[in-house]
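Note: hydrogens, waters and symmetry copies are ignored here, and every other heavy atom, side chains too, is used. Residue numbers start from 1 in every chain, and the chains themselves are labelled A, B, ... in the order their sequence lines are given, proteins ahead of strands.
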There are 2 protein chains.
Amino acid sequence: MRSHYCGSLDASMIDQEVVLCGWVNRRRDHGGVIFIDLRDRGGVAQVVFDPDLPDVFGLAERVRSEYVLQVRGRVRHRPEGTVNPSIPSGEVEVLGQALTVLNAAETPPFQLDEEDVGEETRLRYRYIDLRRPEMQRRLMLRAQVTRTLRRFLDDRGFVDVETPMLTKATPEGARDYLVPSRTHNGSFFALPQSPQLFKQLLMMSGMDRYYQIVRCFRDEDLRADRQPEFTQLDIETSFLEEDDIMGLMETMVRELFAQVLEVALPAPFPRMTYAEAMRRFGSDKPDLRIPLELVDVTDLMRKVEFKVFSAPANDPAGRVAVLRLPGGGSLSRKEIDDYTAFVARFGAKGLAYIKVNELAAGREGLQSPILKFLPDNVVDALVERSAAVDGDLLFFGADKASVVNDALGNLRVRLGHDRGLVEHGWRPLWVVDFPMFEYDDKAGRWVSLHHPFTAPRVASAENLGDAPGEVLSRAYDMVLNGSEVGGGSVRIHEPEMQSAVFALLGIGEDEAREKFGFLLDALRYGCPPHGGLAFGLDRLVMLMTGSASIRDVIAFPKTQTAACPLTDAPTPVDDRQLQELGIRLRRQV
Amino acid sequence: MRSHYCGSLDASMIDQEVVLCGWVNRRRDHGGVIFIDLRDRGGVAQVVFDPDLPDVFGLAERVRSEYVLQVRGRVRHRPEGTVNPSIPSGEVEVLGQALTVLNAAETPPFQLDEEDVGEETRLRYRYIDLRRPEMQRRLMLRAQVTRTLRRFLDDRGFVDVETPMLTKATPEGARDYLVPSRTHNGSFFALPQSPQLFKQLLMMSGMDRYYQIVRCFRDEDLRADRQPEFTQLDIETSFLEEDDIMGLMETMVRELFAQVLEVALPAPFPRMTYAEAMRRFGSDKPDLRIPLELVDVTDLMRKVEFKVFSAPANDPAGRVAVLRLPGGGSLSRKEIDDYTAFVARFGAKGLAYIKVNELAAGREGLQSPILKFLPDNVVDALVERSAAVDGDLLFFGADKASVVNDALGNLRVRLGHDRGLVEHGWRPLWVVDFPMFEYDDKAGRWVSLHHPFTAPRVASAENLGDAPGEVLSRAYDMVLNGSEVGGGSVRIHEPEMQSAVFALLGIGEDEAREKFGFLLDALRYGCPPHGGLAFGLDRLVMLMTGSASIRDVIAFPKTQTAACPLTDAPTPVDDRQLQELGIRLRRQV
């Protein structure tokens with residue numbers, strides 16, 4: 001029905017006859033002629049209708065925004081002064097000789113270039129919102145990303161294998177979406193939170209190298225930027241050590257950025273231990289574009305009389321740290337109050353600070369409500385260790401280390417953005433040497449920092465229980481500009497170790513057998529050493545397109561209440577259907 | 001951990017040191033040395049352990065089937081007479097110099113080459129079943145198929161876009177899998193039976209060319225070879241007519257077969273109308289490899305006294321047809337009885353036949369219980385029209401046309417296989433010009449032959465109601481060796497036509513708005529002409545690998561009762577989870 005995409009026209013095609021199909025982006029009547037900007041996926045072409053052809057002209061007069069047209073015409077130069085150098089087809093226009101209205105359109109609920117449109121409206125009329133060139137670009141870039149990743153993995157012998165969507169409740173910790181079974185009333189499938197166990201089973205099947213771009217599901221409260229269904233690039237290999245896996249994966253991401261964004265990422269990616277990341281950045285996914293660091297001053301505070309500092313400094317689980325903000329001396333009282341409220345969200349009871357006005361003036365050159373509590377030698381050491389210069393401001397965190405890290409780590413990111421300190425570019429790194437277990441004070445037991453199939457860095461199952469908090473795991477996270485884009489580990493491949501980890505996590509033998517019996521069996525029939533990784537595709541594409549939300553890189557996303565304004569899903573269903581499934585609704589509360 | 005895949009060794013590597021990892025396929029002790037066939041995804045390598053290295057030899061002695069080993073050794077020629085020319089690595093062996101047991105294995109529940117293993121056992125220990133080279137080959141071929149299809153579509157501007165899995169009940173006719181919503185208690189998502197409406201919305205979004213390899217779900221009783229979740233290659237394009245779409249799609253399938261199987265499919269694929277397919281083959285997915293055809297003799301039977309033939313011959317909805325089986329004169333009474341029982345499954349009340357013993361002998365040369373009911377001129381016309389020769393057998397179908405087609409169409413396929421008549425090779429075709437509607441006698445209303453979004457071949461909505469049974473649709477099915485591998489259509493792109501089709505199908509305005517309001521809205525805001533296709537990937541790969549079931553080309557399939565013997569899914573869940581979802585179990589019946 002067409003000869004060219006609208007955006008593909010250029011001066012090389014002068015005098016050619018073309019047939020275009022697309023949407024009316026804009027219609028203008030000017031100097032007795034009609035100009036229609038016709039839009040398709042490829043861009044926009046300007047079509048001119050002269051009154052010389054009264055039938056065609058008459059039809060063109062009745063055309064409105066978002067009508068779908070087929071236009072036949074001849075390409076010609078735009079008149080002097082009307083050339084639009086900002087678009088590829090801006091040198092030429094099409095003199096329309098025939099026009100078919102393929103479909104009329106009512107006035108759309110919003111204009112494509114309208115900015116002040118609520119997200120609910122955009123999602124309800126998503127098919128109009130997706131016509132925006134920016135949205136088209138994002139979805140096309142997403143497809144380019146998956147294509148590039150697939151080709152990289154295909155070329156290296158990874159086999160794309162599909163795993164079930166209707167499966168058993170998975171042990172990832174989040175809530176499962178459940179699917180009632182009609183043929184087994186009273187039983188339920190779960191939608192997968194990840195294909196973790198299936199990809200491990202594929203390694204036990206001798207599949208050797210596996211990947212899949214796969215939908216995963218988590219029925220969690222959608223704080224921030226989460227979706228109930230999300231997409232993962234899931235990878236697993238046998239007979240490789242973590243260094244091999246990490247090397248291959250960072251090569252893949254480097255090639256991805258080179259091919260899609262023409263960006264050269266560092267080779268190799270820097271690696272940082274979890275301990276170092278927490279110490280310097282208060283986060284296990286540090287944004288290295290922000291040139292601010294936490295400086296530990298716990299040792300300096302042990303003997304000060306100021307209890308706010310000395311108590312955590314003398315607590316083995318405590319920490320006192322300083323975050324120096326260059327030029328922060330100019331912060332107003334109100335700004336500091338705002339930051340104090342900000343860190344309170346992460347559990348910090350306050351936000352002490354010192355303004356460094358003039359170092360040469362000694363204590364007189366410093367300004368702080370807490371200065372009077374600190375002796376000279378501590379102040380001198382603080383200034384020296386934090387490398388403060390005139391005009392800086394020092395923020396303090398003093399609490400349990402977890403609170404200090406969370407508060408100052410988030411404050412660091414916030415300050416980076418507020419103060420325009422975020423460097424341009426891409427700063428990937430690997431975070432490694434994670435603790436295997438964390439103690440959950442509330443539950444009174446050990447929990448996995450990653451998942452219970454992650455291999456610990458110990459020689460044998462007997463070594464596990466001695467000091468669980470000190471055992472490191474063979475996990476690795478790929479972090480990019482402050483986001484975890486991928487995470488994985490070498491897995492446990494021996495049944496004894498797997499049972500020992502389950503036991504340490506308080507999963508009794510019966511429960512382990514009920515939930516993971518098939519895994520424990522499989523480990524006994526010849527399981528190769530294996531490991532892998534999963535990348536969050538939505539987040540990766542969000543970063544690569546510079547989008548504000550993962551909703552911007554998903555064609556038909558859900559809202560924060562896990563609903564779809566376009567289709568109105570979820571919806572009530574017939575009682576007959578529920579009967580077949582052996583379930584009924586509870587009384588509404 | 002390794003230098004080579006086991007199967008990659010060959011004579012060019014003599015004297016090289018290699019490190020292999022894999023599973024013990026077989027261990028033999030012979031002439032004082034130990035032979036281990038080590039298996040990985042790439043094949044098998046023979047490793048020899050000499051008693052010269054007592055430590056290694058001692059370890060090798062303790063190794064059992066399916067142990068996972070790492071072996072270091074030197075490649076050498078196999079001794080004369082022990083060369084195995086049937087495998088690539090059969091000229092060489094590895095003299096083992098070091099051996100690490102990466103993992104021990106208990107005796108597996110079945111041997112890989114054991115044939116008499118029930119499917120339930122294979123599925124329960126699927127990770128062992130998948131180690132069979134045949135299963136590995138199938139899954140790898142499947143990945144090669146998707147890779148080839150993706151590259152074809154990527155290269156032609158089709159954009160891979162993901163559509164939701166948690167969506168609204170779809171109107172495909174089959175039962176939906178439902179997912180209770182926790183945030184909207186009492187409401188349910190449905191898992192998609194296909195992304196039909198989303199891909200149409202993508203066309204309305206200006207995405208122009210879309211594809212996706214996507215999981216779909218149908219909660220149907222699993223007769224024959226169905227799976228509750230299956231995979232579809234889903235395609236849609238704008239501004240193309242059906243000839244363009246069919247041309248592109250058959251080019252894709254031709255390239256697929258050329259690249260993956262090195263098979264040249266015909267160009268172009270033959271096209272056959274639905275009417276012709278039913279008349280000649282009694283099926284809308286004829287297997288053209290079988291050189292048997294139905295011959296219509298309705299007109300011959302109108303005036304015979306034999307009511308079994310004359311009644312359907314005089315019924316406008318009836319049909320009398322002959323299926324000639326060359327050489328069928330040798331069929332025994334028992335065989336004919338079996339075929340009579342076979343056609344009864346399809347509703348046929350009997351299976352009349354005539355054996356053609358000796359045409360030269362006239363009526364005397366024919367043998368049949370019904371011969372006495374047929375006059376000479378009819379018998380002569382039957383022989384002539386069916387082109388019967390001595391030794392043939394003529395089967396008769398006489399009933400409603402739908403019963404005759406179903407019975408003789410299936411008998412034709414059965415005879416083709418039973419009598420070894422199925423020709424070797426690949427016989428694709430397009431079936432076109434389907435009826436738009438069928439009258440459902442039970443429901444007393446018209447139903448769609450495809451789905452209600454298929455465009456009818458009429459000029460305008462007003463023409464639709466005149467004779468709905470005679471309206472053809474713009475649908476097309478790709479049929480290969482008797483299986484429908486793909487199906488699609490040009491879609492309705494005008495709101496008036498869509499409303500008219502809904503009305504004709506008895507979907508009232510309120511119901512249409514409730515179920516498809518978003519589609520009807522979208523059609524009003526500028527919808528391009530569009531159409532597409534969906535291929536059943538599982539079935540296509542099943543055909544391409546020569547597998548007996550789609551379960552053989554799915555890594556982790558479900559059983560006929562929609563359960564997974566490996567994970568035991570579906571399973572009961574905690575009442576707490578059901579409470580959160582606002583549902584409870586009905587009392588067990």
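Of the atoms belonging to A:Tyr67, not a single heavy atom falls under 4.5 Å from chain B. Contacts of A:Gln200 with chain B are absent, with no heavy-atom separation under 4.5 Å from either backbone or side chain. Neither the backbone nor the side chain of A:Gln227 comes within less than 4.5 Å of any heavy atom of chain B. Heavy atoms closer than 4.5 Å to chain B are found in both the backbone and the side chain of A:Arg209. In this structure, chain A has a heavy atom under 4.5 Å from the side chain of B:Val161, while its backbone stays farther away. In this structure, chain A has no heavy atom under 4.5 Å from any part of B:Ser65. Neither the backbone nor the side chain of A:Leu141 comes within contact range of chain B; no heavy atom of the residue lies under 4.5 Å from a heavy atom of that chain. With a threshold of 4.5 angstrom between heavy atoms, B:Cys564 does not approach chain A through any atom at all. Using a 4.5 Å cut-off between heavy atoms, A:Arg131 touches chain B through backbone and side chain atoms alike. Proximity to chain A (any heavy atom under 4.5 Å) is restricted, for B:Ala104, to the backbone atoms N, CA, C and O. With a 4.5 Å cut-off on non-hydrogen atoms, A:Leu102 touches chain B through its backbone and its side chain both. The contact between A:Arg584 and chain B is made by backbone and side chain atoms together, counting heavy-atom distances below 4.5 Å. In this structure, chain B has heavy atoms under 4.5 Å from both the backbone and the side chain of A:Arg151. Contact of B:Gln212 with chain A is made through the side chain alone, with heavy-atom distances under 4.5 Å. Of the two parts of A:Ala522, the backbone and the side chain both hold a non-hydrogen atom closer than 4.5 Å to a non-hydrogen atom of chain B. Only the backbone of B:Met203 comes within less than 4.5 Å of a heavy atom in chain A; its side chain stays farther off. Using a 4.5 Å cut-off between heavy atoms, B:Leu581 contacts chain A through its side chain alone, with no backbone atom that close. Neither the backbone nor the side chain of A:Glu514 comes within less than 4.5 Å of any heavy atom of chain B. Contact of B:Pro529 with chain A is made through the side chain alone, with heavy-atom distances under 4.5 Å. Proximity to chain B is limited to the side chain of A:Thr146, based on heavy atoms less than 4.5 angstrom apart. Both the backbone and the side chain of A:Cys527 come within contact range of chain B, judged by heavy atoms closer than 4.5 Å. Residue contact with chain A, scored on non-hydrogen atoms closer than 4.5 Å, involves the backbone and the side chain of B:Thr567 alike. In this structure, the portions of A:Pro164 lying under 4.5 Å from any heavy atom of chain B include both its backbone and its side chain. For chain A, no part of B:Gln70 is nearby; none of its heavy atoms comes within less than 4.5 Å.
In this structure a side-chain-to-backbone donor-acceptor pair under 3.5 Å is missing from B:Arg524 to A:Glu106. Between the side chain of B:Thr183 and the backbone N or O of A:Thr561, at least one donor-acceptor pair lies under 3.5 Å. Using modelled atom types, one side-chain atom of B:Arg586 and one backbone atom of A:Ile583 make a donor-acceptor pair closer than 3.5 Å. The main-chain N or O of B:Glu580 is found under 3.5 Å from a side-chain atom of B:Asn185 such that the two form a donor-acceptor pair. The backbone N or O of B:Ser205 sits less than 3.5 Å from a side-chain atom of A:Gln136, completing a donor-acceptor pair. For B:Arg124 (side chain) and B:Pro565 (main-chain N/O), a donor-acceptor pair under 3.5 Å exists by modelled atom type. Put simply, the side chain of A:Arg126 gets close to the backbone of A:Ala555: a donor and an acceptor are under 3.5 Å apart. In terms of modelled atom types and a separation under 3.5 Å, the side chain of A:Asp208 and the main chain of B:Arg41 share no donor-acceptor contact. Here the side chain of A:Lys558 pairs a donor or acceptor atom with the backbone of B:Leu166 at under 3.5 angstrom. One N or O on the side chain of B:Asp40 and one on the backbone of B:Gly42 form a donor-acceptor pair closer than 3.5 Å.
Rounding to the nearest 0.5 angstrom, the gap separating the CZ atom in B:Arg150 from the CZ atom in B:Phe158 is 14.0 Å. Separating the OG1 atom in B:Thr231 from the CD1 atom in B:Ile554 is a distance of 6.5 Å, to the nearest 0.5 Å. Note: B:Leu201 CG to A:Tyr125 OH = 13.0 Å, rounded to the nearest 0.5 Å. A distance of 10.0 Å separates CD of A:Gln577 from CG of B:Asp219, quoted to the nearest 0.5 Å.
Using a 4.0 Å cut-off between charged side-chain N and carboxylate O, B:Asp521 and B:Arg513 make a salt bridge.
In this structure, A:Arg2 satisfies the cation-pi test against A:Tyr5, with its NZ or CZ atom closer than 6.0 Å to the six-membered ring centre and inside 45 degrees of the ring normal.
Among the candidates B:Asp221, B:Ile128, B:Asp129, the residue making the largest number of heavy-atom pairs closer than 4.5 Å to chain A is B:Asp221. Interface check for chain B: of the options A:Glu229, A:Glu241, A:Met1, A:Glu494, the most heavy-atom pairs under 4.5 Å are formed by A:Glu229. Contact count versus chain A (heavy atoms, under 4.5 Å) is highest, among B:Arg215, B:Met204, B:Arg147, for B:Arg215. Of the listed residues A:Ser187, A:Ala105, A:Ala569, the one with more heavy-atom pairs under 4.5 angstrom with chain B than any other is A:Ser187. Of the listed residues (B:Asp568, B:Leu240, B:Leu202), the greatest number of heavy-atom pairs within a distance under 4.5 Å of chain A belongs to B:Leu202. Note: A:Ala562 leads A:Ala562, A:Pro228, A:Ser181 in heavy-atom pairs under 4.5 Å with chain B. Between chain A and the residues B:Pro528, B:Ala563, B:Gly526, B:Ala143, the largest count of heavy-atom pairs under 4.5 Å involves B:Gly526. By number of non-hydrogen pairs under 4.5 angstrom with chain B, the leading residue of A:Asp244, A:Leu69, A:Thr107 is A:Thr107. When the candidates B:Asn103, B:Leu130, B:Leu519, B:Leu566 are compared by the number of heavy-atom contacts under 4.5 Å with chain A, B:Asn103 comes out ahead. Among A:Thr571, A:Val159, A:Val68, A:Val179, the residue making the largest number of heavy-atom pairs under 4.5 Å with chain B is A:Thr571. Note: A:Arg182 leads A:Met140, A:Met135, A:Arg182 in heavy-atom pairs under 4.5 Å with chain B. For the set B:Arg39, B:Gln144, B:Arg142, the count of heavy-atom pairs under 4.5 angstrom toward chain A peaks at B:Arg142.
Side-chain atoms of A:Glu66 and A:Val24, non-hydrogen and from C-beta on, never get closer than 4.5 Å to each other. Side-chain atoms of B:Met165 and A:Phe217, non-hydrogen and from C-beta on, do get closer than 4.5 Å to each other.
Side-chain contact of B:Asp160 with B:Tyr210: a donor-acceptor pair under 3.5 Å is absent, judged by distance alone.
Between B:Phe198 and A:Phe556, the ring planes lie tilted relative to each other; the angle falls in the 30° to 60° range.
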